[in-house]
There are 2 protein chains.
Amino acid sequence: MEDLPLAIEGEGRQRILAAAEKLFSDKAFDAVSMNAIAVQAGISKANIYHYFPNKDALYLAVLRDASHNLRTLLNDAVNAHGAVVDVLRHFARCHLQALLDRPELVRLVWREILEKGAPRAQEFAEQGFADVFSALVAVLETGQSRGELRVDFDPALVATLLLGANVFFFQSRDILRHYPPIIFADDPAGYDAGIVEILLRGLIPASSVDMASTR
Amino acid sequence: MEDLPLAIEGEGRQRILAAAEKLFSDKAFDAVSMNAIAVQAGISKANIYHYFPNKDALYLAVLRDASHNLRTLLNDAVNAHGAVVDVLRHFARCHLQALLDRPELVRLVWREILEKGAPRAQEFAEQGFADVFSALVAVLETGQSRGELRVDFDPALVATLLLGANVFFFQSRDILRHYPPIIFADDPAGYDAGIVEILLRGLIPASSVDMASTR
DNA sequence: CCGGATATTGACCGATTGGTCGGGTGTTGC
DNA sequence: GCAACACCCGACCAATCGGTCAATATCCGG
C-alpha cells in the first residue's frame, strides 16, 4: 500500500524528528511520552526505536537539529554593512525577527539553557550564543575604532544589553501584551527601533551632558 | 519519639512545601515525582495527600508561595529617593541582587511564564511583573517631568530594556561566564553600573549628538 | 484516663511510562 | 525464486506514576 506518497529520503526519520520537535518545544522532556511522539508522527512507538536507541538520543537529536538551525538562522541576521549605527539597527531588527519566526526552536534551545538538573546539551546552545555574541561585539568594536561610537564602554556589555532586550521581549511578549502602558508588544520592529535609539542617544538630555567639544 | 524537634507551627505542611519548592525549581513539573518530594521532605508519600489534594494543588501552592515571596522581595528593591538617575542605579542594582539571592524562586516563576502547554498560574507571575514594571515606569516618568531625563522616549520601553537586561543576565550567567571577552559575569554590581551608565549617556559620543541648547 | 481529632504510614490500585521482542511486510540484488 | 535487508507493528514487560485506603500513632481538651 502507498497511502501517503511523501518525501523519498530518510522520510521516516524526519517525520519522527519533526513530531518530536513540535512536542518537545511545547512541553518539557518528561512531559512528552514516546507514545505521544509516535502518534504525532503517525507511526508506531516501536518504530521509533528502529531509528533512535532511546528517548534521550531522540531528544538530543532534536536539540542538535534545532540548535543548528537556529544558529544559522541567527547568523544570517548579522550580515549588513554601512554606518555602524545602521548595522546595529538592522542587526537588532533581524535578530528579533528570527526569534519570532521560529519560536519552537528558541523555546527548545532556551529551555535547555535554563534547565539546571540535566545539562543534556548545553554545548550546542552555547555555540550559537557565542556566534551571534562575537559578531555583535565585532560590530561595536568597529564602531568604536571608527569614532562613530564612544570608546569608554565595554562592547560585550552593550551586546548583552541588546541581546537581552530581544530575548526578554520574546519571552515576555504574552505578559507585556496585556499590560496597559505597553504599546509595542505586537510591534517588534518598533520595539527594536526604540531600543536602539535609546542605546545610541541615551536617556539624559543632550543639554545636560558634559561635553568636551562641539562639532 | 522526637527525633527532630523542629519548628512548632504547621510544620509538616511547611516541610512539604520547602521540599517541593526545591525540587520543582530544579526540574519541571512532570520530572518531579510525589515520591521524590516525600523523600526530600523526610515523610511518606501518602502523608502529602493529607495536606494537599493532588500534585497540581501542591505545585500551585508552591508557585503561589514563591510568587508572593519573589514579589515582595522585588518590591523592596524599588524603594529609594534622591535624583532620578541615582534611583535608577539603585533600582537596577537591587533588582538584580534580589534575583541572584533567590534563584530558586526566579526559576520557578519564570518557568511558569515560559511554559506554553499549561498556564497553571500565569496570573501570579504576571502580578509581580506588573508591580515592578509600573514602579520602574513611575520612576522614569518622574525623571521626565523633572527634566532630568529626555521626554522623547517611551518609559515602558526603557523599563523593558532594564528589566530585560537583568533577567537576561540572570538566565545566561553560566554561559556568559565562560565566554572570554565577558568580564562582568561574576560582577553583577559592575554589570548594572555599566548598563545604567550606557542607558543614561548613550553610545554616541556627545560631540556628534545634535544638541539644541547648552546649559 | 479517655475519646475524638489530627498526623502518619505501608500496602495497594489502575494507568502509563520507557523499552523489548518476534514476527510481519515490502524492496532489492543475485 | 530466494536470501538479505531496512522498515514497521502488536503485544508484551518491569518499573514507576499519581492517588486511595484502612490501620495505626500521636496529641490534646475534658
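What separates NZ of A/K55 from P of D/dT16 is a distance of 15 Å, to the nearest Å. Residue A/F24 contributes atom CZ, which lies 12 Å from atom C1' of C/dG18 at whole-angstrom precision. Note: CD1 (B/I43) to P (C/dT6) measures 18 Å, nearest angstrom. What separates CG of A/N35 from P of D/dC12 is a distance of 16 Å, to the nearest Å. Here the C1' atom of nucleotide C/dT8 and the CZ atom of B/R13 are 17 Å apart, to the nearest Å. Rounded to an integer number of Å, the gap from A/I37 CD1 to C/dG18 P is 8 Å. Rounded to an integer number of Å, the gap from B/N54 CG to C/dC13 C1' is 17 Å. Between A/F52 atom CZ and C/dT20 atom C1' there is a gap of 18 Å when expressed in whole angstrom units.
Between A/H50 and D/dC8 there is no side-chain N or O to OP1 or OP2 distance below 4.0 Å. Note on A/Y51: a side-chain N or O is less than 4.0 Å away from OP1 or OP2 of D/dC8. Between B/N47 and C/dT9 there is a side-chain polar atom (N or O) within less than 4.0 angstrom of OP1 or OP2.
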Practice task
Verify ring pair (Phe, Tyr, Trp, His ring centres under 6.0 Å) between A/F129 and B/Y179, making sure each step is shown before the conclusion.
Solution key: CA-CA 9 Å; A/F129 215 89; B/Y179 183 63; 7.9 Å; no
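Ring orientation note: the planes of B/F24 and B/Y59 are nearly perpendicular, at an angle over 60° on the 30°/60° scale.
For the atom pair CD (B/E115) and CZ (B/F29), the distance works out to 11.0 Å, reported to the nearest 0.5 Å.
One can find a donor-acceptor pair under 3.5 Å joining the base of C/dG19 and the side-chain atoms of A/K45.
Across all strands, A/S33 comes closer than 4.0 Å only to sugar-phosphate atoms, never to a base (heavy-atom distances).
Across C/dT8, C/dG18, D/dC9, the shortest atom-to-atom separation from the side chain of A/M34 is found for C/dG18.
Between B/R93 and B/R89 there is no side-chain heavy-atom pair separated by less than 4.5 Å.
Each of A/A46 and A/Y49 has a nearest nucleotide on DNA chain C; the 5'-most of these lies closest to A/Y49.
A salt bridge links B/R102 to B/E104: at least one charged side-chain nitrogen sits closer than 4.0 Å to a carboxylate oxygen.
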